[in-house]
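Working notes for the structure below.
FYI, side chains are in, hydrogens and waters are out, and symmetry mates aren't considered; it's all heavy atoms of this structure.
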Amino acid sequence: MTTLIAISAEIVIGREAQEVWEVVADYGNDVLWRQGVTSMVATPAGVVREGTTTDEHMTVAGGRYHNLGVVTAVGPGLRFAWRTTSGADADGSRAVTATAAGTSRVRLELNVRLHGAQRLAAPLFRATLRRNLTADAERLRNRLQAPTEPAKAPAKPAKAPAEPAKAPAKPATPRR
């Protein structure tokens, strides 16, 4: 018997869809925006294509996981689907769609199946995975919308001309 946890997160990012796709569809970027991912190696490297395999190491809810996966479909449009082949029993997808000029919407979907004693912790896993997926979408947006140029230091105000030195004041004489 299994317990299915199905969650998704959507976010609008202020970048062109193709630019966002190049980050979302390249597993080499996952360690930069996915919480708990400590290592992700895709073969072949670069933007996914059907058959791309993954080797992922991650930490979730205090547990360490090693997952192998495969990209099962790419398209239509800027979308791909994946599933694990070893480790966690999971599948999902990532999609990017163009919205208003210069912006795009990212949808992340995750389905995790819990087996055996793991099922007892389903409420904890559900809450943790939902929180992490939502935070991942936020980190992705923050990373892509971060300024690309280093911030310039504010201009220093011009120095006022130096005032001439004043003669020291005479000490006050106590009155008696």
Side-chain angles (χ1 to χ4, degrees), residues 4-61 65 67-85 87-114 122-155:
L4 175 66
I5 297 173
I7 56 175
S8 64
E10 279 194 23
I11 197 157
V12 173
I13 297 177
R15 294 280 189 216
E16 296 288 339
Q18 187 63 40
E19 182 182 353
V20 175
W21 173 251
E22 289 171 7
V23 173
V24 169
D26 183 345
Y27 278 115
N29 294 315
D30 280 23
V31 296
L32 303 174
W33 61 275
R34 286 186 52 220
Q35 182 171 327
V37 176
T38 57
S39 171
M40 175 67 87
V41 177
T43 305
V47 173
V48 297
R49 55 184 178 236
E50 192 168 333
T52 295
T53 60
T54 59
D55 185 339
E56 170 188 64
H57 292 264
M58 67 185 311
T59 303
V60 176
Y65 297 89
N67 302 311
L68 300 179
V70 63
V71 173
T72 57
V74 177
L78 303 178
R79 179 185 185 282
F80 75 92
W82 59 269
R83 68 173 173 80
T84 56
T85 57
D89 184 359
D91 65 81
S93 65
R94 300 178 186 180
V96 179
T97 54
T99 53
T103 66
S104 54
R105 173 174 281 109
V106 174
R107 180 171 176 83
L108 306 172
E109 295 179 346
L110 174 63
N111 302 303
V112 177
R113 285 164 292 285
L114 302 178
L124 171 65
F125 274 107
R126 183 174 286 109
T128 300
L129 293 171
R130 182 179 315 283
R131 182 177 59 248
N132 287 357
L133 195 64
T134 300
D136 289 348
E138 285 288 338
R139 270 189 297 283
L140 178 64
R141 177 170 56 192
N142 292 342
R143 180 152 193 83
L144 286 168
Q145 291 184 176
T148 55
E149 293 181 19
K152 294 181 181 177

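- Distance check, rounded to the nearest 0.5 Å: CG of Asn67 to OG1 of Thr54 gives 8.0 Å.
- Residues Ala17 and Thr97 approach most closely at CB-C, 4.3 Å, considering heavy atoms.
- Without hydrogens or angle criteria, Thr43 side chain to Thr53 main chain gives no donor-acceptor distance under 3.5 Å.
- Closest approach of Tyr27 and Ala42 over heavy atoms only: CB-CB, 3.8 Å.
- Rounding to the nearest 0.5 angstrom, the gap separating the CE atom in Met40 from the CG atom in Asp55 is 8.5 Å.
- Arg83 contributes no side-chain N or O that, together with a main-chain N or O of Asp91, makes up a donor-acceptor pair within less than 3.5 Å.
- A salt bridge between Arg94 and Asp30 is present, with a side-chain N of the basic residue lying under 4.0 Å from a carboxylate O of the acidic one.
- Taking both residues in full, the closest heavy atoms of Leu110 and Ala90 are given as CD1-CB, 4.5 Å, listed atom of the first, atom of the second, then distance.
- In this structure, CD on Glu16 lies 8.0 Å from OG on Ser104, to the nearest 0.5 angstrom.
- In plain terms, the two heavy atoms of Glu22 and Asp26 that are nearest each other are O-CB, 3.4 Å.
- For the atom pair Asn111 CG and Leu4 CG, the distance stands at 5.5 Å (nearest 0.5 Å).
- Between the CZ atom of Arg79 and the CH2 atom of Trp21 there is a distance of 9.0 Å, given to the nearest 0.5 Å.
- Within the structure, the salt bridge (Lys or Arg N to Asp or Glu O under 4.0 Å) test picks out the following pairs touching residues 95-108 (sequence neighbours left out): Glu10-Arg105, Glu10-Arg107, Arg107-Glu109.
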Acceptor/donor pairs from residues 123-131 side chains to any protein atom, 3.5 angstrom cut, sequence neighbours excluded:
| unit_1 | atom_1 | unit_2 | atom_2 | d |
| --- | --- | --- | --- | --- |
| Thr128 | OG1 | Leu124 | O | 2.9 |

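- Nearest heavy-atom pair across Ala135 and Gln35 is CB-OE1, 4.3 Å.
- Here the CG atom belonging to Asn29 is positioned 9.0 Å from the CG atom belonging to Leu140, to the nearest 0.5 angstrom.
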